[in-house]
Participant: 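Before I ask anything, here is the structure I am working with.
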There are 2 protein chains.
Amino acid sequence: MKIDEINWKILQMLQENARVALKDLAKEVGLSSPTVAERIQKMEDAGVIESYNTKVNLDKLGYSLGVYITIKIRFGQTQRFEEFILTVPEISECHKLTGRDCMLLRGVVRDPKHLEELNVRLAVYGELTTSLILNSVMDGKIYCEHF
Amino acid sequence: MKIDEINWKILQMLQENARVALKDLAKEVGLSSPTVAERIQKMEDAGVIESYNTKVNLDKLGYSLGVYITIKIRFGQTQRFEEFILTVPEISECHKLTGRDCMLLRGVVRDPKHLEELNVRLAVYGELTTSLILNSVMDGKIYCEHF
DNA sequence: GCTGAAAAGTCCTATAT
DNA sequence: ATATAGGACTTTTCAGC
């Protein structure tokens, strides 16, 4: 799919605020609303626009510790682990990586005790290495041009 | 901030689709549109709703390799690194973690050559360990209840 | 804190270039 | 492929409960 400068601008604005009005997008890029709507529709159909999400601040809801956990899955447990991890509410990301500790998890917990409890649940499937997020310098940047 | 069952439902629907119409939210939770609008406004003001984002599929735009990179920052380079990393278009997340290799980066590149080129730019600031994302089992799950 | 109705604003569809 | 305009729909405002 070809993304011209206008579509990059539209993508940039949608990334900044998914609820922006068509009319404002249209004004910004210098096209009419129907045209912008059509361009967005095409990007959705092509899968370039995957979804419109709302970022919830879990810290404000009492989940103040962010964690990354690597797990070296025990032999033969991979499939069972992948099914299990989908059901764990504390975990929001699970990536299979190259390297020794092949699974990387991102999660959120209320406090150290909650983390310990989460670790126990996960440890069934393999050896864990847990790191706390001390500070997120950047989290979910906007892509607005080719690089 | 107190999040009752209705607000959780609203948050859940907004996380699934940030562009959902107020009218549909209202119908789903059994309240009028103005009430739902007011509840959303309050959650925005309280910082519980942080932002409305659009997820762009970078794979479809030619950036087919996702990577996690840990970097052990050279002594004294932390601040310079944190300023630098904000300007690197390939990197979308940067977290300071507990543990030995204190910075975790998430990025996206076109191909191995592009990755090599990115690594060279980053290696100025410390020792790198790069892992490719082979498969994302889960990426950005929806939180829809207390746990 | 919620509702309902009216006003304001936005979006969609059809038509035209 | 884009623009314009009218009608349809959605959101917001506000008086009242």
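Just so you know, these numbers come straight off a predicted model, no measurement behind them. The chains referred to below are lettered A, B, ... by the order of the sequence lines, with proteins before strands, and numbering in each begins at 1.
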Participant: Looking at B/Arg106 and A/Asp139, is there a salt bridge between them, counting it only when a charged N and a carboxylate O are closer than 4.0 Å?
Facilitator: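 No, A/Asp139 and B/Arg106 are not salt-bridged.
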
Participant: Tell me the interatomic distance from B/Leu25, atom CG, to D/dT11, atom P, rounded to whole angstroms.
Facilitator: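 In whole Å, D/dT11 P and B/Leu25 CG are 9 Å from each other.
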
Participant: What is the distance, rounded to the nearest whole Å, between atom CG of A/Leu31 and atom C1' of D/dT4?
Facilitator: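 Going from CG in A/Leu31 over to C1' in D/dT4 covers 14 Å.
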
Participant: Closest approach to the side chain of A/Leu22, judged atom by atom: which nucleotide of C/dC12, D/dT10, D/dT4 is it?
Facilitator: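 Between C/dC12, D/dT10, D/dT4, the one nearest the side chain of A/Leu22 would be C/dC12.
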
Participant: For this output row, return yes or no: ring centroids of B/Tyr52 and A/Tyr52 closer than 6.0 angstrom.
Facilitator: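 No, they do not, as the ring centres are separated by 6.0 Å or more.
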
Participant: Compare the minimum distances between each of D/dT13, D/dT10, D/dT4 and the side chain of B/Ala21, then state the nucleotide with the smallest one.
Facilitator: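 For the B/Ala21 side chain, the nearest candidate turns out to be D/dT10.
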
Participant: Under 4.0 Å, counting only non-hydrogen atoms across every strand here, what does A/Ser33 touch: a base, just sugar-phosphate, or nothing?
Facilitator: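 Here A/Ser33 touches no strand at all.
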
Participant: To the nearest Å, give me how far apart CD1 (B/Ile40) and P (D/dT10) are.
Facilitator: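 Value for this atom pair: 15 Å.
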
Participant: OP1 or OP2 of D/dT2 sitting under 4.0 Å from any side-chain N/O of A/Arg39?
Facilitator: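 True: A/Arg39 side-chain N/O within range (under 4.0 Å) of D/dT2 OP1/OP2.
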
Participant: Cut-off 3.5 Å, side chains only: do B/His95 and B/Glu93 have a donor facing an acceptor?
Facilitator: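 B/Glu93 and B/His95 do have a side-chain donor-acceptor pair below 3.5 Å.
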
Participant: Quick test of your reading of the model: are B/Glu117 and B/Lys113 salt-bridged, counting only N-O distances below 4.0 Å?
Facilitator: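 So B/Glu117 does not pair with B/Lys113 through a salt bridge.
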
Participant: Whole angstroms only, please: what is the NZ-C1' distance between A/Lys23 and D/dT4?
Facilitator: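 Distance, rounded to whole Å: 17 Å.
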
Participant: Select base, sugar-phosphate, or nothing to describe what A/Arg19 touches, counting heavy atoms under 4.0 Å on all strands.
Facilitator: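 A/Arg19: no heavy atom of the nucleic acid under 4.0 Å.
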
Participant: Where the side chain of B/Thr35 is concerned, which of C/dC2, D/dT12, C/dT10 is the nearest nucleotide?
Facilitator: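 When the side chain of B/Thr35 is considered, C/dC2 is the closest of C/dC2, D/dT12, C/dT10.
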
Participant: Please check: side-chain N/O of B/Gln15 versus main-chain N/O of B/Tyr143, any donor-acceptor pairing under 3.5 Å?
Facilitator: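 Such a contact is found between B/Gln15 side chain and B/Tyr143 backbone.
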
Participant: Using the closest heavy atom to pick a nucleotide of DNA chain C for each, name whichever of A/Pro34 or A/Asp24 lands nearer the 5' end.
Facilitator: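 Final value for this comparison: A/Asp24.
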
Participant: Does OP1 or OP2 of D/dA3 have a side-chain N or O of A/Ser32 closer than 4.0 Å?
Facilitator: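 A/Ser32 to D/dA3 OP1/OP2: side-chain N or O found under 4.0 Å.
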
Participant: From NZ of A/Lys27 over to P of C/dG9, roughly how many Å is that when rounded to an integer?
Facilitator: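 Nearest whole value for this atom pair: 12 Å.
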
Participant: To the nearest Å, how far apart are B/Glu38 CD and D/dT11 P?
Facilitator: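 After rounding, the reported distance stands at 16 Å.
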
